[in-house]
Amino acid sequence: MSNSSASNRFVDRIGRERLSRIALYVVMYGIAIAFFIPFWRMFQLSVTPAGLVASGEFFLIPSDVTFAYWERFLVQEPIIYQWAFNTFLIASITTFLVLVVDSMIAFSLTRLKWPGRSVVLGVILASFMIPGYVNIIPLFTVVNNLGMVNSYWAIILPFAAGPLGVFLLVQFFRDIPKELEEAARLDGFSPFRIYAQIIMPLSTPILTALGLFVFIWSWNQFLWPLIVLNNDQLYTLPIGVVTLRSVNALAPNVIMTSLALASLPLFIVFLLFQDKLISSVQMQAGTG
Amino acid sequence: MGSITIDNIRKEYGGDSGTIVAVDGVSLDVRDGEFLTIVGPSGSGKSTLLRMIAGLEDITDGTLRIGDQVVTNVAPQNRGVAMVFQEYALYPHMSVRKNMSYGLRLTTDLSDEKIQSRVEETAEMMGIEDLLDKKPNSLSGGQQQRVATGRAIVRKPEVFLFDEPLSNLDAKLRLHMRTELQRIQDDLETTSVYVTHDQTEAMTMSDRIVILDDGTIQQVGTPETVYAEPANQFVADFIGSPSMNFFDVELEDGRFVADDFDYQPSKDLVSRCRARATTDEFVLGIRPEHVRVDESESITAELDVLEHEGSDNYLYLSKHETEWTVRVDGSTRFEPGTTVGLSLPEDHVHLFDRQTGENLLVGERVRNPSSSSATAES
Amino acid sequence: MGSITIDNIRKEYGGDSGTIVAVDGVSLDVRDGEFLTIVGPSGSGKSTLLRMIAGLEDITDGTLRIGDQVVTNVAPQNRGVAMVFQEYALYPHMSVRKNMSYGLRLTTDLSDEKIQSRVEETAEMMGIEDLLDKKPNSLSGGQQQRVATGRAIVRKPEVFLFDEPLSNLDAKLRLHMRTELQRIQDDLETTSVYVTHDQTEAMTMSDRIVILDDGTIQQVGTPETVYAEPANQFVADFIGSPSMNFFDVELEDGRFVADDFDYQPSKDLVSRCRARATTDEFVLGIRPEHVRVDESESITAELDVLEHEGSDNYLYLSKHETEWTVRVDGSTRFEPGTTVGLSLPEDHVHLFDRQTGENLLVGERVRNPSSSSATAES
Amino acid sequence: SGLTGGGGDGSSGGSSDSIQLDYWMYFGAQENEEMTSLVEDFNALDNGITVNKQSVPFEEFLTKLFTSVSSGNAPHVASYYGSYGRHLQQICHPIDDYLSNGAKNKYFQSAWDNLQVDGQTYALPLDIHGKGLYTNDAVMEEAGVDPDFADWQSFSDACNTIVEETDSRAFSMLNGQAGQSALRAYIIALTQAGGNIIEGEPGNYDVVFDQGPGKEAAQLMSSVVGEHGWDKTEFRSGLGRINDFVNGDLGMVVEGTWGINNFENENGEVPEDLSFEFHKPFMFPGSGEDVAWAESNSLYFPVNDSHNETEKQAAVEFAEYITQNHTLWASAGGHLPAAKSVATSSEVKNTKLWTEFKSISRMHEMVTNNQIEYQPMTPIHLNSNRYWKPLYEMYLQNMSVDEALTQAANSLQSALDDA
Amino acid sequence: MAENVDTATANTSSGFFNRFISERSTRELIIGLLFASPYLTLFAVFMLYPLAKGLYMSLFEWNFLRPSESTFVGVGNYARLLSDPVFWNALWNTLEFVAMTVPLIVGLSLVLALGLNKELVGDRLLQFLYFSPYVLTVSVVGLIWVQMFAEGGIGTFLLGSLIEGSPLNSNLWAMPSLVITTVWWQTGFYFAILLASRQNVPERLYEAARLDGAGPWRMFRDITLPHMKNGLLFVVIASTIFQFQVFGQPFVMTRGGPSGETQTLVYYLYQLGFETRQLGFGSAVGYTLLAILVVVSALNYYIVGTNNE
Ligand SMILES: Nc1ncnc2c1ncn2[C@@H]1O[C@H](COP(=O)(O)OP(=O)(O)OP(=O)(O)O)[C@@H](O)[C@H]1O
Ligand SMILES: Nc1ncnc2c1ncn2[C@@H]1O[C@H](COP(=O)(O)OP(=O)(O)OP(=O)(O)O)[C@@H](O)[C@H]1O
Ligand SMILES: [Mg+2]
Ligand SMILES: [Mg+2]
């Protein structure tokens, strides 16, 4: 039959497919490059000598390169380590606290039967609708009255009160087969054992995902630490680098170096846990 | 003592839209060492009943004894029962060995060595000794099933409870595990209560079968009894595959008149019917394997589909609205479209009261299954 | 014209760890109006083959004709095929009516009324006329299945393709839908290619069966042929439930010697065997329904479990490592533990070459299924 | 200790039994380095007092200071402007009880007086800085203009000449992008026009700059860009005008005494080819006196219940030390020291700032001649952009004079009323 | 057998029975609360109480340093809000920001998600690049983009012919600059969500649609979009709520300028709370923001949720 027309159509089809494929690659990689440019700008400036920056010329690759600023921060300015340590400490404690406290209540809400638990869950979930920032003024007065201003608890505790972890864990715990817990009850497990030895080990995927997300979110907090931290020894990286800018108003390359340093830890975390982190994002929308 | 005495047990769930009665006044004696199967359609309350025995659900009303002890308020782990779940419920993060030993460690004060030797002994019995250090996820369905059973066995309970333990296996494996479970129960002689919705499983495995519908017992009896003498139309329909053929008939002039055929019964049959019937409206039932193909007969139907299955052929016939399923020998051949004559041997004909569904030909059956004598066999 | 000609078709998937050959040189003729079933274990390439016919997968090598036309490079919608998927693949946000009319609207230039009337006609045929304005999610599994089938029918394709369309239904419903699909196919006489991994389905529904393993055809034939004359041990094992009994035997002094029994064949059988065997090592096979219980026989085994199923009893016997499954009449009763004598009628004995798996007693079977004559029946 | 925080935990050493003082400052860049070495000098005295300095961004400084006082974490010493006494009175304590004898006389009178609120001393002045007119010699030469302006006429002639004769712009009144920058330049013109920002007493302030001389001064300011075209409407970046001036694209600019810091390149040196001079900015028209805006970086003493008397005493001791021994602040930072003896010390007098660029020497003359005026002391954050951004916009021709004045005056009046 | 059963030594009198029931439910309540209480404490102290306190504070002229000297003004703060030009300006700027950012983010993340679903070579790298800005803190993002828009930065390089100087100083371009910054920073997050949403569409449906003769556009319209509806709804609502609270970008990049062009509601909230310390008025602004957001998400839900039906 029409062998030739079939093969023509075939060529057409292949041709069109290839074209659209190429277009797709161009678009996707084009956007990726555009997304990369700011990172490049940061790195580029951090190794550009001051003279070149001051010239105000546009360049992609600096004609002259210096690592003096990196050296300055890495070697001479220890405060950035202090900030990194502070940030790490805050993020770690927050993460730990969120995982423990949220998993406990999620366990209680999904696995234990007590009157009023659905109301409690409802209230917690409803607080999802409350945007974090509308609360800062009264929250500050509360934290202040508790004498926690200028301490890490002021950052950690309000964060741990957020409903996200409860929401995610409740959803996850609900899907753990009831039979597992029942088998455990027949085996003589107490509620605490069921929590610690059945539910928690089974939830490692969500706990790591949630933990990562909380860690990064906490690491990146800006407005709230800016408000409650008064002492530069206590600063976190995000607010520290802004301070540096004020102090080094004239030197974009210095600022960029500090930024590169400040973002490096999370970049490494992201490199290592790309999939986990992305899946934690996806879980929030209930799509992952 | 592994006997179970269930006395007028009731279970209500408080839902959003009123209470649901999941089990409605069930009374039942399970004898020591017996293999009892509970069958019934989805939602009939099988799992609920089993879970009440296990202590996983509170009992709304009634009493439950295991051995001589009222266990209504005894914690699950102290009831001397072990359960095998449909999804196996193996602890996925623990090795098979830990899965099996955990219950022993928590509920007994056996030494570690004793526990280990008991676990290994049981594993050998189940043929899973090579799997002891694996995690459940790396096992096949059949292996997981074996581990779940082993975990129950190792505790040497007085009663095994099974909730559809085979329904996650594919057909061939299910067949295989079925016989294996039977073999184990034969060996251990532990009282077993086995829940399934698959009547074939129930028929092949059990000493006795309980047929549950809508939270109430429809019939209790040996497989042979429930197959040959179903207490009512529900049981007759539920047991046997393909299902019994049913036809609405009216008794007119000593004949049962259906839409598309007449059936001439013996006088005796008619009088036995009449003796217990409330009206003249009946349902006539006959199993596919009991219908005879007989060209000379007056009952006819046209062959729609012939299915060849193993050494049998199944004929799907119809006449107007009346449909027949008939099992014949594999060598019998018909072309679709042929008109076939059928005869219904009176021995195998069942007659049900169209109002109550009761099987009119089965003697002294007790109709109210929740009364105390419901556990008696016919 | 709804015939399909598959000529030496091959499909490779490029995976991370090298290429996977999913279908390996399959040749097959599907006749116009035929109901052809493809069975095989999971991963044998059934779906891949079907999806190549549909045009959903590119063909790596070989040609495919539907009717007279080479369709290798024809877009799916222009091949005149319609497919029913295992998960039904109904568009969840469209009403049943839209689901059914979608394809017509896109591929034909029928007027709206015409399309509507065709949809309604088909819906009536499938008994889903009341569901037309519902969304698929609100339907039961069986109803969804009907809608999916209706969606295929309404397009009046030359070929129906089914990929395990019933495997998401429960046993009873599956049985019911099976006969319904057959009835429809009988009515429409549309060429149908039906993929399943359930040999019962294959045996009961098809004009011919293709048994696939590992991407290659093992046998093509009518249900009766593949049952009675399996081309090789794989087919013999795969077809029939419970499976055929297999025993490793060696031919010694004109007797087949197994681990736990000897079998005395006729001279003729031995010579037929010898004629095609490569060694003296064989596998002897016999189906459970063909083993006779015969107290006088020298082959014995002890009864482990007796299963009562419908009108039959299944005996599970063993002697040392040798296990038997035997089907006997439902009236036959044995107690577990009894030793039973067995005889193996020579007519029903199969002998397979232990190296190649080939059935030595089946004549002129072509061993290489990818050669052009593979489509011929035995 | 990190988790429970507290302002006091140590950073840069100091023996544990010494008195630890926290000192907050907002200085950036060059000034920051100088202040750091001043603090280090003090710590090196080894007098039992250790000062831990902390940089707080200028933009957040007041916010943080108030927050820290309310939460009991306030530092012992904090830098802020001398004219903010009434504003900071709420959170600072007076230091008269802690001052050493005769402290008052060590400082220029005007600076000292500026720190008195309700008869009490609230701070010690570090410096006196003001704004003057910087002229770029190269541009002046090219245009043939003598940068000694007697009056507005000669100034505007000079500007026009620059525009005509050179490629450079003539004159800018803005050296920064903030409203504060506009305010300070405006005040110079305003006082020479004979006006005031506000009149009246605490609790009863009257904003008056939107009419009369205030309006004239504003119109003049606006005309620099608009009518006269001496400056342009864009403001590229924070240091845009300064860079222009350094590069010779701008002939004259109103800039602070500290502006020198911004002329320096990355090596901390004024470019070789840049030659410039600082003049008293008395070229504006009007009936007012030749008085220019000035301000003092000062040291305040925030309230903190956890500070004991010894610490308070030490804090003042530190402040006295640093305000009375800080030639570096002048020589490198470009500020006129507020302590008289320091201001006229040879270290200061020998700097180029005194001899060549004349920023410190002329500032010194203005101080001694009583030609400076501090901003009015109010209970509010007077320099906030909230009030003065309109002036900035007005200068860049983004707002009309009336609009800008009305907006600025209204917001200021209502803030004063609320305070 | 049954050697472990002797542990089951329960007593079976019926008096015990009744006591047991109530004991059991009390025990369940106690254990339940035990597990719930750590979080509930945090939740009550740092979420519920501040929320209530905010409402209370918004009725006062709150004295920052001496709360006891606050004066009750009733709804005065809310009334003042209505006539406060700064508030209206901030609200307008915020709306402007949201109206520009949300469509760009949603559109771009949808494009990226659909594109990356197509099994490209290097898709992990692409995913990494798209998502990586999201792991940066807003201060870093802001400062990087300040440099992007500074002299010699590519932003200025590209826009150079349109505007002189940094777009951040331009009344016209400051807000779009923040928008671009935000799109760069946030898109990855929403892209990840939409990617998952896209990948959850059963491939079978596309096959069924191919057999039904649907082309790419039809498949997109009839299968992809309806299936991604929930994902899109989440993305629209979540990004709207989040962008409504924009603070860090203007704070770091423009300080609300030029001329208040980029002052946003939360920035205003911050200024009121911590710069001018009008805590009562600030709380009123906070509550107003809350009310706006509730209305906006309800509207969003209504609009996105009802079309496509
Ligand atoms: N936790 C519960 N809350 C409310 N109702 C329930 C609960 N568990 C079961 N039910 C209801 O009780 C009835 C019996 O359920 P049960 O699980 O015992 O049925 P089943 O016979 O085991 O069914 P299946 O074969 O589907 O497992 C059903 O109507 C079910 O909906
Ligand atoms: N898209 C694919 N990419 C790579 N390999 C594939 C793909 N689809 C199928 N395969 C492989 O091809 C082989 C045949 O798969 P196919 O789905 O055809 O089997 P099947 O017989 O339909 O099995 P099942 O009964 O499980 O549906 C398998 O090994 C499978 O892993
Ligand atoms: Mg159940
Ligand atoms: Mg398949």
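We name chains A, B, ... by the order of the sequence lines, and we start the count at 1 in each one. Because only heavy atoms are used, hydrogens play no part in the values below, and waters and symmetry mates are left out as well, while side chains stay in. No experiment lies behind these values; they were computed from the predicted model shown.
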A:Phe215 side chain reached by A:Phe96 side chain, heavy atoms, under 4.5 Å: no

Who among A:Leu45, A:Ile227, A:Ile31 has the most heavy-atom pairs with chain E under 4.5 Å? A:Ile227

For A:Arg21, is it the side chain, the backbone, both or neither that has a heavy atom under 4.5 Å from a heavy atom of chain E? side chain

Counting heavy-atom pairs under 4.5 Å with chain A, which one of E:Leu129, E:Leu143, E:Ile31, E:Val140 comes out on top? E:Leu143

Please rank A:Tyr195, A:Phe267, A:Phe159, A:Phe39 by heavy-atom pairs under 4.5 Å with chain E and give me the top one. A:Phe39

In terms of heavy-atom proximity below 4.5 Å to chain A, should E:Tyr190 be classed as side chain, backbone, both, or neither? neither

Contact origin within E:Phe244 toward chain A - heavy atom pairs under 4.5 Å: neither

Which atoms of E:Val121 approach chain A - backbone, side chain, both or neither, heavy atom under 4.5 Å: both

Picking from E:Leu289, E:Leu269, E:Val294, E:Ile241, which has the most non-hydrogen pairs under 4.5 angstrom with chain A? E:Leu269

For the backbone of E:Leu116 and the side chain of E:Asp123, can you confirm whether one donor and one acceptor N or O come within less than 3.5 Å of each other? no

Contact part of E:Tyr134 toward chain A, heavy-atom cut-off under 4.5 Å: side chain, backbone, both or neither? both

Is it the backbone or the side chain of E:Gln199 that comes under 4.5 Å from a heavy atom of chain A, or both, or neither? neither

Does the side chain of A:Leu157 come within less than 4.5 Å of A:Leu97's, by heavy atoms? yes

Please tell me if the side chains of E:Thr276 and E:Phe281 come closer than 4.5 Å, counting only heavy atoms from C-beta onward. no

Based on non-hydrogen pairs under 4.5 Å, which of A:Gln221, A:Met42, A:Arg117 is most in contact with chain E? A:Met42

Engaged part of E:Ser58 at the chain A interface, taking heavy atoms whose separation is under 4.5 Å: neither

Could you tell me whether the side chain of E:Tyr267 reaches within less than 4.5 Å of the side chain of E:Arg255, counting heavy atoms only? yes

Given that the side chain runs from C-beta out, which part of E:Phe247 has a heavy atom under 4.5 Å from chain A: side chain, backbone, both or neither? side chain

Heavy-atom distance under 4.5 Å to chain E: side chain of A:Phe107, backbone, both or neither? side chain

With chain A, which of E:Leu55, E:Leu136, E:Val266 has the greatest number of heavy-atom pairs at distances under 4.5 Å? E:Leu136

Heavy-atom distances under 4.5 Å only: say whether A:Ile105 touches chain E with side chain, backbone, both or neither. both

Which atoms of A:Val123 approach chain E - backbone, side chain, both or neither, heavy atom under 4.5 Å: both

Verify whether the ring centers belonging to E:Phe131 and A:Phe270 lie closer than 6.0 Å. yes

Pairs of heavy atoms under 4.5 Å with chain A: top-ranked of E:Ala36, E:Ala238, E:Gly286, E:Gly273: E:Ala36

Are A:Phe140 and E:Phe274 close enough that their ring centers fall under 6.0 Å? yes

Can you say whether A:Ser258 sits under 4.5 Å from chain E via the side chain, the backbone, both, or neither, judging by heavy atoms? neither

Any donor-acceptor pair under 3.5 Å linking the side chain of E:Ser109 with the backbone of E:Thr187? no

Heavy-atom proximity to chain A below 4.5 Å, by part of E:Leu112: both

